[in-house]
Each structure stands twice: as structure tokens, then as C-alpha cells.
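In the text below, chain A, chain B and the rest are named by the order of the sequence lines, each starting its count at 1. Everything numeric in this text was worked out from a predicted model, so none of it was measured.
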Amino acid sequence: MSEITKQSLTELVENIKNKKLSSTDVTQAFIQRSEKSSELNAYITDDFTSALDKAKKFDQNPNLDLKLPGIPMAVKDLFCTKNVKTTAGSKILNNFVPTYESTVTENIWNEGAILLGKLNCDEFAMGSSNETSHFGNVQNPIDKNLVPGGSSGGSASAVAGQLTPITIGTDTGGSIRQPASFTGIVGLKPTYGSCSRYGIVAFASSLDQAGPMAQNVKDCALLQEVISTYDLKDSTSINFKRNHYSKELTKNIKGKKIGIPKEYRVDGMPKEIEDLWQKGIQYAKDCGAETIDISLPHTSYALPTYYIVAPAEASSNLARYDGVKYGYRAKGENLIDMYEKTRSEGFGAEVQRRIMIGTYVLSSGYYDAYYLKAQKVRKLIKNDFDEAYKKVDAILTPSTPSSAFKIGEKTNDPVSMYLNDIFTVPVNLAGLPGISIPAGHDTKGYPLGLQIIGKAFDEQNILNIAFAMEEKINFKNKITDWWIK
Amino acid sequence: MSIDLKTIKHISRLSRISVDEKRAEKLADDLNSIFEFIEKLNELKTDDVKPLTSIAETTLKFRSDEIKSKNIREQIIKNSPEDNEDYFVVPKVIE
């Protein structure tokens with residue numbers, strides 16, 4: 001048996017079920033490795049003492065019929081966890097201890113998993129490099145001073161660095177898939193309405209989705225099966241027939257039609273991304289799929305649309321942080337002064353910028369020109385996908401236009417940072433599922449990902465395609481443990 | 001179009017975020033470059049397009065109006081920066 005922290009979720013579950021390992025063994029191993037990995041700064045809050053207690057309790061009377069029996073797991077600090085501090089990476093929630101649990105994490109604990117701690121992320125999930133977190137940068141286990149991507153940067157770093165066997169992130173414009181691509185792991189953004197948003201700190205409510213981030217596709221399918229449930233507490237949760245994603249997982253994708261959208265060949269895209277894409281097309285064919293050239297004509301309008309819709313929704317969602325009922329409060333001369341100082345001191349620069357964009361596009365006289373216009377273009381983007389899916393079963397693209405970049409490289413230019421999400425944002429705007437799988441390395445040895453986009457509610461199909469391609473790609477992440485002294 | 005300092009002041013007031021002169025200038029620069037990027041949408045003619053209002057195209061369900069959480073007063077007040085008895089305390093609003 002290999003070292004505990006090197007095992008996949010599937011292996012750990014099997015070893016616990018066969019009583020080769022106890023939950024205490026596994027939990028202890030991940031705690032020890034996490035403690036040696038403080039330089040990654042992947043955790044905001046750890047819950048190690050309590051995790052070990054829970055593991056011991058589990059072992060006294062183990063329920064081995066559960067899907068995640070005694071498996072320790074750290075989660076993004078955007079999920080409210082009862083009695084464990086939840087910050088959303090922000091100073092304004094620095095002291096917030098939820099009195100309730102998010103539905104997605106509740107589902108995970110109900111299947112026997114144990115909370116290890118809360119993982120770093122961009123403030124309110126607004127960022128593509130984890131550099132907007134109030135709790136500092138996260139290091140990419142691939143190389144020192146390399147961003148892990150964002151906003152689920154701590155989650156990606158923790159899975160790639162083997163501090164947790166698996167995790168959950170959230171994805172509003174690419175926040176699961178882009179960091180997964182940057183760290184050489186698998187990340188799934190489910191269909192809008194698949195996973196409940198109840199208890200997730202809200203960013204842009206019509207785009208936000210929770211999803212799994214894992215070492216491999218099978219692990220990812222297993223966790224998706226656990227977190228995707230219909231929930232009355234989220235009015236946009238959708239009641240559809242959910243598959244047993246891990247049980248129904250198959251490598252047989254013979255005859256599947258996979259679309260290759262020409263608009264994703266963007267100006268200035270490095271040759272190695274194009275080469276990776278071509279390799280991906282070949283892998284898909286090798287698996288028995290058929291590839292078809294398609295057009296998604298409004299692709300280049302997706303980012304500008306996103307940067308109206310997401311900030312507009314954010315400005316409205318973040319109005320609740322007023323220093324009155326919870327969170328940080330600054331002193332003020334009167335009520336308004338208290339609000340303005342609280343929000344000025346409590347929010348970081350990127351969050352303030354987005355609140356102001358959102359406020360502006362929704363303000364009197366500008367609504368039609370910006371927000372309404374964006375919602376119309378969003379419809380056109382969705383129509384593009386609807387049209388394409390008359391001909392194909394899924395779509396294959398690169399996950400990101402480049403590999404991971406250095407910390408500080410893009411912080412002064414918001415637009416160049418936003419361009420990171422060029423291939424992931426259209427998927428959120430159309431509410432579709434998308435998965436990023438590691439598919440190769442660039443010349444610097446940094447991982448690169450491919451994205452498979454599916455029809456709404458067709459997670460099983462893209463998981464199957466990913467599962468088949470994963471075997472052909474046979475990707476090996478190059479982790480040297482450089483941060484462990 | 002260009003966002004000037006006066007507009008920044010106006011938006012910051014609407015957003016309830018106080019902004020000093022130095023930050024206002026930086027924000028104006030940032031917002032101008034972002035809006036320049038957003039202006040690309042004007043290339044598209046959308047007069048006849050119906051805006052997307054719901055991504056899932058399902059009708060929202062009504063749920064029955066019943067109390068599910070009882071006696072959670074303590075939980076509600078637990079995270080407040082300042083409270084007194086069962087009330088949130090704020091700076092004085094009435095003279």
C-alpha cells in the first residue's frame with residue numbers, strides 16, 4: 001500500500017471499507033502533511049483537533065456503508081460550516097462563525113466525511129489567482145511563487161499538494177476549472193441548479209455553483225454524486241434525475257460527437273495551448289469519439305457580458321455587509337459614516353472595484369445600456385450552445401489561455417487578469433456543466449488543462465468522456481514537495 | 001465614455017464605500033479600462049433579442065408559509081458586533 005496521502009479518494013474509501021486503514025490513520029496522515037505545508041498557505045482555518053476526535057469516534061463504531069466513510073476533507077472557505085469560522089477570504093467576515101451548515105457540506109458530512117479545515121480563496125471568490133484574499137497568497141505546489149489560480153486557489157493547492165484527498169470549490173466564471181488546470185488536477189463545475197447554493201457565501205447568484213476538485217475523474221464523480229441534491233432551501237435548485245455518477249462511469253464513449261469551436265482559437269494564444277488542444281482532439285478520437293468543427297459565434301462577447309452581470313449581482317449580494325448584524329464594524333460618527341467606513345476598511349480593492357462597477361451599471365439611467373444589454377447578449381451566448389448541441393454531445397476546448405503565472409505578475413492590470421477566464425466564463429453564462437482535466441505540460445513543466453463542456457444536466461456524459469481521455473492522456477503531476485522543510 | 005472623479009464619488013456614495021482622493025483616481029483609471037473592455041457589447045445589435053431572465057427556464061416553486069426555525073434568537077444575535085439584550089446596537093439615528 002502506498003503512502004496514505006498519495007492515495008486517491010477511491011483508494012482511501014476502499015482501504016477504510018476493507019479495514020486496512022482506519023479513519024484515524026488517514027486523518028492523522030493528512031493533518032501531519034498539512035502541518036508541514038504551512039508555506040503553501042492553503043488553509044485559512046484548520047479544525048485538526050476536532051477532526052481527529054471525529055475520526056476516533058468514527059472508528060469506534062464505523063458505518064462502512066457510507067460513501068465517504070471517515071474520509072477527512074478540507075473545503076473552500078466560502079461554505080458556511082456550523083461553529084467553524086467562515087471568512088470568504090475577507091476581512092469583513094474575519095470573525096464570522098456560522099450557526100448553520102451549507103447544504104453541500106451537510107451532504108458531505110452525512111456520508112461520513114470529516115472536516116479538516118477551511119481553505120484559502122480570493123476574497124468573496126473574486127479573482128483568478130488567489131491574490132485578492134485577505135489572508136495572503138497561496139503557493140502553487142507545482143513551483144514556488146507561482147499562483148495556484150483562483151478563486152478556489154487554496155482548494156486546488158491543497159488537492160495537488162496532497163493536504164486533503166479531495167475538496168469542493170465554487171465556480172462563478174471559472175473558479176474551479178482554472179485553478180484545477182493550473183495545478184494539474186480535475187475540477188467539475190456542475191449544471192446551474194445541480195448543487196444547492198444554500199449556505200454558500202453569495203457572489204453572483206445566477207452564476208455560482210459548487211463542485212468537486214479531485215486528483216482523478218473517478219474521485220470527482222463520487223463527490224459529485226454526494227453533493228448534487230435537490231434542495232428546497234435554494235429556490236433555484238432543480239429537481240432532475242441525478243445519476244449515480246461514480247457507478248455509471250464508463251470509458252465507452254464510442255460514437256460520441258464532440259464539437260470543436262473555432263472561436264476558442266483566440267489571438268495571442270500560445271502555441272503550446274493550441275498543440276495541447278490538437279492532442280486532446282486526437283485523444284478523443286482514439287477513444288472512439290467523433291470530432292466535429294462547430295461555431296459559437298458570440299464567444300468573444302462572453303467576458304464583457306460577465307463583467308456586467310457578475311458585478312451587478314455582487315453589488316446587490318454584498319449590500320448585506322453593513323457592520324450591523326455580523327462581521328467587521330468600523331467606528332463612525334453616524335450610521336451612514338459607520339456603513340461607509342466599515343465597507344471601505346472591510347472589503348479589499350478588487351471587491352470594492354466590482355461593487356462599484358455593479359452599482360454603476362445598475363444605477364439610474366444606465367440599466368438599459370449595461371445590465372439589460374448584457375442579459376440580451378447572455379441569451380445569444382446561450383443560444384449558440386443550444387444550436388451547437390443539436391449537432392454534438394459535448395464540446396472540447398482548452399481550460400485556460402495560458403499556464404499558471406507568477407505571483408504579482410498580473411495584479412496591476414485587472415483586464416489582463418480577467419482574460420484568464422475567457423474559456424470558462426461562457427459555460428457559467430449558459431448554466432452548463434464543464435470539467436477541466438489535466439492534459440499535458442508547457443515548456444516550463446507547468447500543467448495545462450482541457451475543458452469538456454456538456455449539455456445541461458449531462459454531467460454523466462462529460463465525466464465519461466473525461467474518464468476515457470484521462471486513461472489515454474496518462475498525466476503525471478510533477479510535485480517535488482519543495483515547500484516541505 | 002469616461003468615468004470622472006465626480007462619478008466615482010457618486011458611485012462610492014451609492015455603494016456606501018468611502019473613498020479618498022488618491023484611491024478615487026486609481027479607481028477611475030481601473031473602471032475606465034474595464035468599461036472600455038465592456039463597450040465591445042455595443043458592436044452587437046440586440047433590439048430584437050429577449051433578455052435572459054432565468055438560466056434554468058423553470059418556474060420558481062412556491063413553498064408553504066410555515067415557520068421552520070424556532071427559538072433561534074440567540075443564534076441570530078451571536079455574530080453581531082454590538083448588541084444589547086435582544087437588539088443590534090447601531091450609532092444613534094434619531095436626535
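- Closest non-hydrogen pair, B/Ser18 versus A/Ser344, comes out as O-OG, 2.9 Å.
- If you measure heavy-atom distances from A/Val324 to chain B, the contacts under 4.5 Å come from both the backbone and the side chain.
- B/Phe37 touches chain A through backbone and side chain together, each having a heavy atom under 4.5 Å away.
- The stretch residues 296-314 of chain A participates, sequence neighbours left out, in no salt bridge (Lys or Arg N to Asp or Glu O under 4.0 Å) pair at all.
- For a residue to count as touching a neighbouring chain, one of its non-hydrogen atoms must lie under 4.5 Å from one of that chain's; by this rule B/Lys68 does not touch chain A.
- With sequence neighbours excluded, no residue forms a salt bridge (charged side-chain N to carboxylate O under 4.0 Å, His left out) with B/Lys92.
- Here B/Leu41 is the residue among B/Val89, B/Ile11, B/Leu41, B/Val90 with the most heavy-atom pairs under 4.5 Å with chain A.
- When heavy atoms are compared at a cutoff of 4.5 Å, A/Met356 approaches chain B by way of both its backbone and its side chain.
- For B/Lys50 (side chain) and A/Lys379 (main-chain N/O), no donor-acceptor pair under 3.5 Å exists by modelled atom type.
- Contacts between A/Leu429 and chain B at a heavy-atom distance below 4.5 Å involve the backbone alone (N, CA, C, O).
- Residue contact with chain B, scored on non-hydrogen atoms closer than 4.5 Å, involves the backbone of A/Ser206 exclusively.
- When heavy atoms are compared at a cutoff of 4.5 Å, A/Ile355 approaches chain B by way of both its backbone and its side chain.
- For chain B, no part of A/Leu362 is nearby; none of its heavy atoms comes within less than 4.5 Å.
- Between the side chain of A/Arg343 and the main chain of B/Ser15, a donor-acceptor pair closer than 3.5 Å is present.
- The aromatic ring centroids of B/Phe35 and A/Tyr360 lie less than 6.0 Å from each other.
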